[in-house]
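Here's the structure, in structure tokens; my notes come after.
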Amino acid sequence: LQGAMGRKFIDAICDNGSERWGMKKGQYIITDVKTTVDNNPDALYIIANKNYSRDISTQLQKLGINKANMFVLDLVASPMELVDLYKDLE
């Protein structure tokens, strides 16, 4: 979808699981949450996690992200599943 529209909508993918940091998912390298927040303090954060969306929202708020800059998709199990769904649309 990003490619078809000629616009980039996703700037980064982050995860709390350190075993995923540095892994590539599509065109993105997965980073830790703090680094992502430090590099993108004014971004819209899409929380894509069925089980821990409240915890993730609280974590982002503690790192200074305004709740108005968060969008929760709690119908998918993980950010990786969201990227896979997104890639299927391209």
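Just so you know, residue 1 is the first one in the sequence shown, and it goes up from there.
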Exercise for the section: Report the distance from atom CZ of R20 to atom CD1 of I13, rounding to the nearest 0.5 Å. Expected result: 12.0 Å
Problem - Minimum heavy-atom distance between I65 and M70, given as atom pair plus value - result: O-CE, 3.5 Å
Problem - Validation row: Y45, T36 side chains within 4.5 angstrom (heavy atoms) - result: yes
Fill in the blank from the handout: d(L60 CG, C14 SG) to nearest 0.5 Å is 7.0 Å
Practice task
Working to the nearest 0.5 Å, report the span between OG1 of T31 and CG of D15.
Solution key: 9.0 Å
Handout entry: Shortest non-hydrogen contact between N49 and I56, atoms and distance
Key = CB-CD1, 3.7 Å
Problem - Which atom of V37 lies closest to which atom of L63, heavy atoms considered - result: CG1-O, 3.7 Å
Exercise for the section: If a pair satisfies salt bridge (charged side-chain N to carboxylate O under 4.0 Å, His left out) and one of its residues is in residues 35-47, list it, with sequence neighbours excluded. Expected result: K34-D38
Exercise for the section: Hey, could you give me the NZ/OG1 distance between K67 and T58, rounded to the nearest 0.5 Å? Expected result: 7.5 Å
Fill in the blank from the handout: Interatomic distance, CG@N66 vs CG@L44, rounded to 0.5 Å, equals 11.0 Å
Handout entry: Heavy-atom side-chain contact between S57 and I47 under 4.5 Å
Key = yes
Handout entry: Test item: N16 and Q59 side chains (from C-beta on) under 4.5 Å apart, heavy atoms
Key = yes
Problem - Joint hydrophobic cluster, I46 plus I29, side-chain heavy atoms closer than 4.5 Å - result: no
